[in-house]
There are 2 protein chains.
Amino acid sequence: MKWKELEEEPCSMARTIGVIGDRWTLLILRECFLRTRRFEGFQSALGITRHLLAERLKKLVRLGILRRIPYQEAPKRHEYILTQKGLDLYPIMMALVHWGDTHMVDERGRPLLHQHRKCGKDFDPVMVCSECGEPLLAKEVHTHPGPGAQSPLTIAAPDKPKAKARRSAA
Amino acid sequence: MKWKELEEEPCSMARTIGVIGDRWTLLILRECFLRTRRFEGFQSALGITRHLLAERLKKLVRLGILRRIPYQEAPKRHEYILTQKGLDLYPIMMALVHWGDTHMVDERGRPLLHQHRKCGKDFDPVMVCSECGEPLLAKEVHTHPGPGAQSPLTIAAPDKPKAKARRSAA
DNA sequence: ATTTGACAGTTCGATTTTAGAACTATAGAG
DNA sequence: CTCTATAGTTCTAAAATCGAACTGTCAAAT
């Protein structure tokens with residue numbers, strides 16, 4: 001599969017993975033949410049090669065997840081700020097953190113805690129149903145085709161594959 | 001940075017990324033949640049090379065995210081089932097899907113809808129605070145060091161770097 | 001006036017990963 | 001005893017990443 005194709009697959013998750021589904025991009029976004037804004041800041045915080053960092057930042061800007069904003073004219077310099085589209089990635093970040101907190105901590109406990117300003121307490125993120133507010137469990141969710149449907153996970157396609165593994169772009 | 005190190009960094013998100021932060025692993029997990037269980041199933045649904053698929057499945061089993069269970073003796077064959085640790089990745093998957101639904105759909109609309117059996121309605125996943133139940137916004141969350149803390153995102157380390165970019169493992 | 005340092009990249013050879021295709025192995029069906 | 005299904009393994013070529021050095025601009029220090 002070509003990774004460019006991912007972004008066009010009829011599966012929202014595949015498309016999202018096409019955008020942010022690699023290690024460096026995810027780590028760069030972590031830094032963004034921790035208020036890092038400048039090239040050197042990302043580079044020294046992550047130890048990423050400058051080459052890749054430049055490339056990834058360009059991609060994130062092109063995709064509208066970061067905005068490149070000048071902060072001085074002298075030698076022209078810019079900083080990278082999350083757009084609303086980027087800020088909307090927050091639930092993904094929190095979900096990643098929470099799984100790590102649950103399954104990857106060592107004896108010392110969590111590296112970071114999160115405090116909710118609204119209520120003042122340290123919290124865990126919980127994913128709930130927008131309609132009834134109940135926490136979501138995989139087993140209680142039924143997936144079915146929507147208007148933009150047309151394949152991948154939709155159905156166990158009833159086209160008796162003789163063998164030969166069709167489907168290059170699943 | 002060596003990717004093995006990621007799993008030991010004092011950042012739950014980095015650790016999670018070390019485990020599931022690559023394209024194929026994420027897509028394999030998508031298939032798991034869609035009830036794919038067998039090698040050929042993953043391979044033909046994703047078009048992944050058999051080599052990588054074998055390697056990734058092995059890793060997921062080693063990490064306790066999938067369990068390898070025999071389903072026939074004749075020629076010994078196994079299927080791959082999500083463990084509880086694996087099922088706990090569900091909020092991450094839903095968060096990825098939801099971002100894609102919001103920002104990556106084309107004119108035709110969502111490829112997939114999700115119905116909550118509890119309330120019977122098609123829903124969106126919403127991330128809320130475990131303490132007060134309010135939806136989480138990045139700006140309302142304050143991050144602070146926990147018991148297992150000791151660095152990365154914790155503080156702008158007060159150790160005047162002369163230049164030279166220290167910190168290989170941020 | 002020249003050097004040094006901060007910042008934001010770019011370039012390039014060496015290494016590591018991934019892609020793509022073929023090959024191995026076991027066993028039932030025809 | 002050949003064909004097919006299933007689950008891998010092996011091998012070479014192509015692509016991505018690493019690591020380190022280099023470019024360019026400007027301010028401040030010498």
Side-chain angles (χ1 to χ4, degrees), chain A residues 1-6 17-18 21-28 31 36-62 66 68-81 160-170, chain B residues 1-6 17-18 21-28 31 36-61 66 68-81 156 160-170:
Chain A
M1 183 180 335
K2 282 84 185 173
W3 289 121
K4 297 297 295 182
E5 294 171 19
L6 251 196
I17 292 173
D22 77 284
R23 280 148 147 80
W24 284 128
T25 299
L26 252 3
L27 289 170
I28 289 168
E31 290 304 312
T36 298
R37 295 150 172 259
R38 300 184 184 176
F39 194 92
E40 295 295 319
F42 291 109
Q43 202 285 318
S44 70
L46 297 174
I48 183 176
T49 64
R50 310 176 73 76
H51 179 48
L52 269 202
L53 175 57
E55 197 264 320
R56 292 291 198 276
L57 287 174
K58 230 170 252 169
K59 180 175 179 188
L60 288 170
V61 168
R62 178 166 49 75
L66 296 178
R68 189 157 169 275
I69 297 179
Y71 70 90
Q72 73 171 39
E73 278 303 309
K76 263 204 179 255
R77 301 222 183 290
H78 304 79
E79 42 190 21
Y80 297 89
I81 314 278
K160 6 183 124 285
K162 211 54 205 158
K164 287 290 96 178
R166 62 218 44 228
R167 286 219 280 179
S168 39
Chain B
M1 180 179 337
K2 282 82 184 172
W3 290 121
K4 295 299 295 184
E5 294 170 19
L6 252 196
I17 291 173
D22 78 284
R23 281 150 147 79
W24 283 128
T25 300
L26 251 3
L27 289 171
I28 288 168
E31 290 304 312
T36 298
R37 293 149 173 261
R38 301 185 184 175
F39 192 92
E40 295 295 320
F42 291 108
Q43 203 284 320
S44 69
L46 297 174
I48 184 176
T49 64
R50 310 176 73 79
H51 179 47
L52 271 202
L53 175 58
E55 198 264 321
R56 291 292 196 276
L57 287 174
K58 232 171 248 167
K59 180 176 180 188
L60 288 169
V61 169
L66 296 179
R68 190 157 168 276
I69 297 179
Y71 69 91
Q72 74 171 38
E73 278 304 310
K76 261 202 181 256
R77 301 224 184 288
H78 304 80
E79 42 189 20
Y80 297 90
I81 314 278
K160 5 184 123 288
K162 211 53 205 159
K164 289 288 96 180
R166 60 220 44 228
R167 288 220 280 177
S168 41

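Letters A, B, ... are given to chains in the order of the sequence lines, protein chains preceding strands, and every chain is numbered from 1.
Rounded to an integer number of Å, the gap from CD of Q72(B) to P of dT6(D) is 9 Å. The distance from atom CD of E55(A) to atom C1' of dT11(C) is 15 Å, rounded to the nearest whole Å. As a whole-Å value, the separation of Y80(A) OH from dC7(C) C1' is 11 Å. Taking atom CZ of residue R23(A) and atom P of nucleotide dT17(C), one finds them 10 Å apart after rounding to whole Å. Between E5(B) atom CD and dT16(C) atom P there is a gap of 14 Å when expressed in whole angstrom units. Atom pair I28(B):CD1 and dT18(C):C1' shows a separation of 13 Å (rounding to whole Å applied). Counting to the nearest Å, the C1' atom of dG9(C) and the CD atom of Q43(A) are 11 Å from each other. Residue L57(B) contributes atom CG, which lies 10 Å from atom C1' of dA7(D) at whole-angstrom precision.
In terms of heavy atoms, A45(A) sits closest to E31(A) at CB-OE1, 3.6 Å. Closest approach of W24(A) to R56(A), counting heavy atoms only: CB-NE, 4.2 Å.
For dT17(D), one of the phosphate oxygens OP1 or OP2 lies less than 4.0 angstrom from a side-chain nitrogen or oxygen of R56(A). Taking only side-chain nitrogens and oxygens, K58(A) never comes nearer than 4.0 Å to OP1 or OP2 of dA8(C).
The residue F42(A) sits apart from the nucleic acid: no heavy atom pair falls under 4.0 Å. R68(B) comes within contact range of the sugar-phosphate backbone alone, with a heavy-atom separation under 4.0 Å but no base atom that close.
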Are L57(B) and F42(B) close enough, and set up right, to give a side chain to side chain contact (heavy atoms under 4.5 Å, CB included), and what steps lead you there?
-> CA-CA 10 Å; L57(B) 287 174; F42(B) 291 108; 4.3 Å; yes
Evaluate the criterion side chain to side chain contact (heavy atoms under 4.5 Å, CB included) for residue pair R50(A) and F39(A); output intermediate values, then yes/no.
-> CA-CA 9 Å; R50(A) 310 176 73 76; F39(A) 194 92; 3.7 Å; yes
Which is it for L6(B) and L27(A) under the side chain to side chain contact (heavy atoms under 4.5 Å, CB included) test, yes or no, and what are the steps along the way?
-> CA-CA 10 Å; L6(B) 252 196; L27(A) 289 170; 4.2 Å; yes
What are the atom names and distances for every N/O pair under 3.5 Å that joins the protein to nucleotides 19-26 of chain C?
{"unit_1": "dA19(C)", "atom_1": "OP1", "unit_2": "W24(B)", "atom_2": "NE1", "d": "3.4"}
{"unit_1": "dA19(C)", "atom_1": "OP2", "unit_2": "W24(B)", "atom_2": "NE1", "d": "3.0"}

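With Y71(A) as the aromatic partner, R38(A) meets the cation-pi criteria of under 6.0 angstrom to the ring centre and within 45 degrees of the ring axis.
Relative to the axis of its first five pairs, the axis of the last five pairs of the helix from dA1(C)-dT30(D) to dG30(C)-dC1(D) sits at 10°, rounded to 10 degrees.
Comparing dA8(C), dA7(D), dT10(C) by their nearest atom to the side chain of Y71(A) picks out dA8(C).
A donor-acceptor contact shorter than 3.5 Å is absent between the side chain of E55(A) and the backbone of K58(A). When atom types are taken as modelled, the side chain of Q43(A) and the backbone of I48(A) share a donor-acceptor pair closer than 3.5 angstrom.
Defined by atom type and a distance below 3.5 Å, a donor-acceptor pair is present between the side-chain atoms of Y80(A) and R68(A).
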